[in-house]
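Structure incoming, see below.
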Amino acid sequence: MISIRINGQEISVPKEMTIMEAARSRNISIPNLCYLKNVHQFGACRICVVEVKGAKTLQASCMTNVSQGMEIFTNSDKVRKARKVLYELLLSDHPKDCLSCKRNLSCELQELGKTLGVTQTRFEGERIEHGNDSCAAITRDMSKCILCRRCVTVCNQIQGVGILNAQNRGFNTVISPAMDLALGTVNCAFCGQCTIVCPVGALRETSSTGAVWEAINNPKKRVIVQVAPAIRVAIGEEFGFEPGSRVTGKLAHALRLLGFDDIFDTNFTADLTIMEEGTELLERIENVVLKKGNATLPMITSCSPGWIKYIEHKYPDNLNNLSSCKSPHTMLGALAKSYYANKISTDPKDIFVVSVMPCTAKKYEISREEMKNDGLANVDVVITTRELAEMIREAGIDFKTLEDEDFDSPLGMSSGAADIFGLTGGVMEAALRTVYELVTGREIPFDELHVTPIVGLDQVKSASIKIENPISAYAFLDGVTVNVAVTSGLKGAKILMTQIANGESPYHFIEVMGCPGGCITGGGQPRSDDLDVRAKRLRGLYTEDESKVLRKSHENPFVQSLYSDFLGHPGSHISHDLLHTTYTKRGRFN
């Protein structure tokens, strides 16, 4: 510990702290823009400058460490004037179309102006002309970019993809892929983590709300909506709820008020995914143990489209490791336009499926040719959690006061295992609950069904489960120890994929989610300055799971009926046609 003075107050702080951290430890707020705790520390904006006695210039508090006897002034006249000038210089090359900007009233640059007391801009000069770059998932408007480089840090250091960097120098600097190529032409995974951290409107999901409103207002269309598990513990934040609040019933009610014809739950096909994926895993292990034929292990989950695009670019020779299962929402779309269309005597061409997802990569996923059956896209439009919140506000719905309602049958019933699909380790835990019980006839031997070694937010987690006294059909597994691993974030995926590529992987089954923490912090989720937001959303989904009577996918009665009435059995011919897919080898860089 060392002694310093901040604004005349003597305090003791650890010597490793920066000035900003030291000030925050005493509830002294220093305005800042580019800084993100535990994510990005670069000092690009200089808004956080402070006066340090004896220093020739003002110091960036996010980059300057404290030292013994340091005297700091965070709000001197010199500091306040400098911040205002720095802010006005940022505005001199920034559009003033705030009222029509998607980030209006949620823009960090706009909020900073209020904090600094800036009421006018005195500087106007040459402006850089930038065109918009829009692909299915993400839209870039570089005219609004303030060069904070948060997106660069997330793309390179957090996700390890590395397609965004500063190009050119000085006044001509732009944040983009190499040679200012369009996002849609490079090896972007479309994870959308850059849209989460962008403080302004320079990076955002490509809007699809217009297409949804058009479909709802088309009397010839039957519009089906489905919501991913992670939505129910996040969308409440858009309406003043604490992060992690479970608003499942209000969500179903809001969707009905918006005018959707059928309110389904992606959780239903999360349960279905476990049946298909679990069967596929057992077949692969059986082929290896009994040497019955070629089978690739470890098998890797295929729910995350960002992860799928990443492996297609980076590890195209390992695509056979992927489960062939489609992601749950495209499964539901395929069933809506086959099984459900037949059930309600409707032409599949007149059914319009909307998926509400925590993910920007899902927008890209539905454009893939593999996600079609009989020439029809499984899902017609994907909107993010943030976009659904926009629609609810636009419709004048008071979300907070809504009564709870239920999802519609038959594609709205789910088990607790499906709820935890939205968090890292959840797909693996759901799969193990079912596979272990199908093999042994007993519940998996962990506390409250939770496979504790893979619970939590660590980047890579693993567990080993020994099969003992299986039922006769699985006698070949007696004594076999199944090794599993879980990771979230593409940087974590690289760790496990390097082992596989080198022939050193000890695992039979691996879960990969493209975003750190899983879908709870997907690229389309509400932005939050709560440092515990991941943990709170994670707890919310585990609580949702624990509140259910049915907590194992194979116990879902509607899934059982679907197999008996339509699919036959997991892995059947019709299941493979509707619920499974193939993958594409892509170039390393584009």
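Hydrogens, waters and symmetry mates play no part in the numbers below; they use all other heavy atoms, side chains included.
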**Study point:** NZ/NE/NH1/NH2 to OD/OE distance under 4.0 Å, Lys552 and Glu437
**Key:**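 Salt bridge present between Lys552 and Glu437.
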**Study point:** ring-ring contact (aromatic ring centres under 6.0 Å, His included) pairs, two or more places apart, involving residues 428-450
**Key:**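 Sorted pair list: His450-Tyr542.
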Practice item. With sequence neighbours left out, write down each residue that passes side chain to side chain donor-acceptor pair (under 3.5 Å) with Ser572, or none if nothing qualifies. Key: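 Applying side chain to side chain donor-acceptor pair (under 3.5 Å) to Ser572 gives Ser575.
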Check your understanding: Is the backbone N or O of Ile158 less than 3.5 Å from a side-chain atom of Lys491, with the two atoms forming a donor-acceptor pair by type?
Key ->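 No, the answer is negative, given that no donor and acceptor are paired below the 3.5 Å cut-off.
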Check your understanding: SG of Cys519 to CG of Leu423: how many Å apart, nearest 0.5 Å?
Key ->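 It is 8.5 Å, given to the nearest 0.5 Å.
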**Study point:** Option among Glu276, His580, Glu277 that satisfies the side chain to side chain donor-acceptor pair (under 3.5 Å) test with Ser324
**Key:**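 Among Glu276, His580, Glu277, the one that satisfies the side chain to side chain donor-acceptor pair (under 3.5 Å) with Ser324 is His580.
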Review point. How long is the span from the SG atom in Cys155 to the CG atom in Asn165, to the nearest 0.5 Å?
Key: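 Cys155 atom SG to Asn165 atom CG measures 7.5 Å (nearest 0.5 Å).
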Exercise for review: Kindly compute the distance separating CD1 (Ile465) from CG (Asn483), expressed to the nearest 0.5 Å.
Suggested key: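 The distance works out to 9.0 Å.
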Review point. Distance-only, no hydrogens or angles: does the Gln159 side chain make a donor-acceptor pair with backbone N or O of Leu490 under 3.5 Å?
Key: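 Flag set: sc Gln159 to bb Leu490 pair under 3.5 Å.
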Review point. Among side-chain atoms of Thr584 and Glu370, is any donor-acceptor pair under 3.5 angstrom?
Key: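 Per modelled atom types, Thr584 and Glu370 side chains form a pair under 3.5 Å.
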Check your understanding: Is the shortest heavy-atom distance from the side chain of Cys135 to the side chain of Arg140 under 4.5 Å?
Key ->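 Contact flag for Cys135/Arg140 side chains = no.
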Review point. Quick one: are Asp380 and Val354 in side-chain contact, heavy atoms under 4.5 Å?
Key: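 They are not in contact (no side-chain heavy atoms under 4.5 Å apart), so the answer is no.
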Exercise for review: Output yes when a side-chain donor or acceptor of Arg284 lies under 3.5 Å from a complementary backbone atom of Ala295, and no otherwise.
Suggested key: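 Side chain of Arg284 to backbone of Ala295, a donor-acceptor pair under 3.5 Å: no, none is there.
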Review point. Can Val379 and Gln226 be said to form a side-chain contact (heavy atoms from CB on, under 4.5 Å), step by step?
Key: CA-CA 10 Å; Val379 174; Gln226 59 172 312; 4.0 Å; yes
Check your understanding: Thinking salt bridges, do Arg433 and Glu429 make one under a 4.0 Å N-O criterion?
Key ->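 Glu429 and Arg433: salt-bridged.
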Review point. Do Leu272 and Leu562 come within less than 4.5 Å of each other through their side chains, counting heavy atoms only?
Key: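 Contact flag for Leu272/Leu562 side chains = yes.
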Exercise for review: Could you tell me which residues satisfy side-chain contact (heavy atoms from CB on, under 4.5 Å) with Cys188, sequence neighbours excluded, listed by chain and number?
Suggested key: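 Cys188 satisfies side-chain contact (heavy atoms from CB on, under 4.5 Å) with Ile163, Leu183, Val186, Phe190 once adjacent residues are dropped.
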Practice item. Using a strict cut-off of less than 4.0 Å between a Lys/Arg side-chain nitrogen and an Asp/Glu carboxylate oxygen, indicate whether Lys585 and Asp317 qualify as a salt bridge. Key: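 Judged by the 4.0 Å cut-off on N to carboxylate O distance, Lys585 and Asp317 do form a salt bridge.
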Check your understanding: Checking Asn556 side chain against Phe558 main chain: does a donor-acceptor pair fall under 3.5 Å?
Key ->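 Between the backbone of Phe558 and the side chain of Asn556 there is a qualifying donor-acceptor contact (under 3.5 Å).
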Point to revise | Any donor-acceptor N or O pair under 3.5 Å, side chains Lys363, Thr206 | key: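 No - no donor-acceptor pair under 3.5 Å links their side chains.
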Check your understanding: With a 4.5 Å limit on heavy-atom distance, are the side chains of Ile224 and Phe352 in contact?
Key ->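 Side chain of Ile224 against side chain of Phe352, heavy atoms only: no contact under 4.5 Å found.
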Point to revise | Closest approach of Cys515 to Cys191 (non-hydrogen atoms, all atoms of both residues) | key: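 Residues Cys515 and Cys191, closest heavy atoms: SG-O, 3.9 Å.
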Review point. Under 3.5 Å, is there a donor-acceptor pair between the side chain of Asn156 and the main chain of Val152?
Key: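 Looks like yes, one N/O pair under 3.5 Å.
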Exercise for review: Sorted by first residue and then second, give each ring-ring contact (aromatic ring centres under 6.0 Å, His included) pair with at least one member in residues 473-527; sequence neighbours left out.
Suggested key: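 Every candidate ring-ring contact (aromatic ring centres under 6.0 Å, His included) pair involving residues 473-527 fails, so no pair, neighbours aside, qualifies.
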**Study point:** Test side chain to side chain donor-acceptor pair (under 3.5 Å) applied to Lys250 - qualifying residues, sequence neighbours left out
**Key:**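 For Lys250, no residue satisfies side chain to side chain donor-acceptor pair (under 3.5 Å) once neighbours in sequence are set aside.
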Review point. Any ion pair linking Lys326 and Glu365 (charged N to carboxylate O, less than 4.0 Å)?
Key: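 A salt bridge is absent here (no side-chain N lies under 4.0 Å from a carboxylate O).
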Check your understanding: Got a donor-acceptor contact below 3.5 angstrom from the Lys461 side chain to the Gly456 backbone?
Key ->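 Here the side-chain-to-backbone pair exists.
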**Study point:** Asn502 atom CG: more than 12 heavy-atom contacts under 6.0 Å
**Key:**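 Counting other residues, nucleotides and ligands, CG of Asn502 exceeds 12 neighbours.
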Practice item. Please test Ile510 against Thr301 for side-chain contact (heavy atoms from CB on, under 4.5 Å), starting from the C-alpha separation and ending with a verdict. Key: CA-CA 6 Å; Ile510 293 174; Thr301 58; over 6 Å; no
Review point. Just wondering, do Ile454 and Ser462 contact through their side chains at under 4.5 Å, heavy atoms?
Key: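 Sidechains of Ile454 and Ser462: no contact.
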Point to revise | Residue pairs passing the salt bridge (Lys or Arg N to Asp or Glu O under 4.0 Å) test where at least one lies in residues 225-234, sequence neighbours excluded | key: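 Applying salt bridge (Lys or Arg N to Asp or Glu O under 4.0 Å) to every pair that reaches into residues 225-234, excluding sequence neighbours, yields Arg232-Asp265, Arg232-Asp419.
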Point to revise | Donor-acceptor under 3.5 Å (Lys494 side chain, Val161 main chain) | key: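 No: the side chain of Lys494 does not pair with the backbone of Val161.
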Exercise for review: Taking atom CD of Glu369 as the centre, report whether more than 12 heavy atoms of other residues, nucleotides or ligands fall under 6.0 Å from it.
Suggested key: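 Atom CD in Glu369 is not packed in, count stays at 12 or less.
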**Study point:** Any pair counted as salt bridge (Lys or Arg N to Asp or Glu O under 4.0 Å), so long as it reaches residues 511-532, sequence neighbours left out
**Key:**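 Listed once each, the pairs are Asp530-Lys536.
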Review point. Atom CD1 of Ile308 and atom CG of Leu319: how far apart are they, to the nearest 0.5 Å?
Key: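 If I round to the nearest 0.5 Å, the distance is 8.5 Å.
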Point to revise | Leu531 side chain near Lys37 side chain, heavy-atom distance below 4.5 Å | key: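 Yes, side chains in contact.
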Point to revise | Partner set under side chain to side chain donor-acceptor pair (under 3.5 Å) for Arg386, not counting sequence neighbours | key: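 Expected list: Thr195, Glu205.
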Check your understanding: Which value, rounded to the nearest 0.5 Å, describes the distance between Ser302 atom OG and Leu322 atom CG?
Key ->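 If we round to the nearest 0.5 Å, Ser302:OG and Leu322:CG are 6.5 Å apart.
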Exercise for review: For the pair Ser564 and Ser561, evaluate side-chain hydrogen bond (donor to acceptor under 3.5 Å, both in side chains) and give the outcome as yes or no after the intermediate values.
Suggested key: CA-CA 5 Å; Ser564 62; Ser561 295; 4.9 Å; no
**Study point:** Rounded distance [0.5 Å steps], CD1 in Ile520 versus CE in Met513
**Key:**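 Result: 9.0 Å between the selected atoms.
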Exercise for review: Taking Asp271 for its side chain and Ser415 for its backbone only, find out whether a donor-acceptor pair lies under 3.5 Å.
Suggested key: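 Confirmed, Asp271 side chain pairs with Ser415 backbone.
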Exercise for review: Begin from the C-alpha positions of Glu280 and Cys325 and carry the test side-chain contact (heavy atoms from CB on, under 4.5 Å) through to its verdict.
Suggested key: CA-CA 9 Å; Glu280 183 183 2; Cys325 288; 4.1 Å; yes
Point to revise | Backbone N/O of Asp577 and side chain of Asn373: donor-acceptor pair under 3.5 Å | key: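 Such a contact is found between Asn373 side chain and Asp577 backbone.
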**Study point:** NZ/NE/NH1/NH2 to OD/OE distance under 4.0 Å, Glu312 and Arg368
**Key:**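 A salt bridge links Glu312 with Arg368.
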Practice item. Scan Leu541, Ile274, Asn267 and name whichever one has a side-chain contact (heavy atoms from CB on, under 4.5 Å) with Phe421. Key: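 Answer after filtering Leu541, Ile274, Asn267: Ile274.
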Check your understanding: Under the side chain to side chain donor-acceptor pair (under 3.5 Å) test, which residues partner Thr153, sequence neighbours left out?
Key ->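 Per chain and number, Thr153 pairs via side chain to side chain donor-acceptor pair (under 3.5 Å) with His40.
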Review point. Can you list the residues that meet the side-chain contact (heavy atoms from CB on, under 4.5 Å) rule with Asn318, with sequence neighbours excluded?
Key: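 Result, side-chain contact (heavy atoms from CB on, under 4.5 Å) vs Asn318: Tyr315, Asn321, Met497, Ile500, Ala501.
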Review point. Does any pair with a residue in residues 268-292 pass ring-ring contact (aromatic ring centres under 6.0 Å, His included), and if so which ones, sequence neighbours excluded?
Key: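 Output for this query is empty, none listed.
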**Study point:** Pairing residues for Lys466 by the salt bridge (Lys or Arg N to Asp or Glu O under 4.0 Å) criterion, not counting sequence neighbours
**Key:**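 By the salt bridge (Lys or Arg N to Asp or Glu O under 4.0 Å) rule, Lys466 matches no residue at all.
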Review point. After noting the C-alpha distance and the side-chain angles of Val353 and Ile351, does the key distance pass the side-chain contact (heavy atoms from CB on, under 4.5 Å) rule?
Key: CA-CA 6 Å; Val353 179; Ile351 289 180; 3.9 Å; yes
Check your understanding: Counting only N and O atoms by type, is there a donor-acceptor contact under 3.5 Å from the side chain of His554 to the main-chain atoms of Met275?
Key ->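 It does not hold such a pair.
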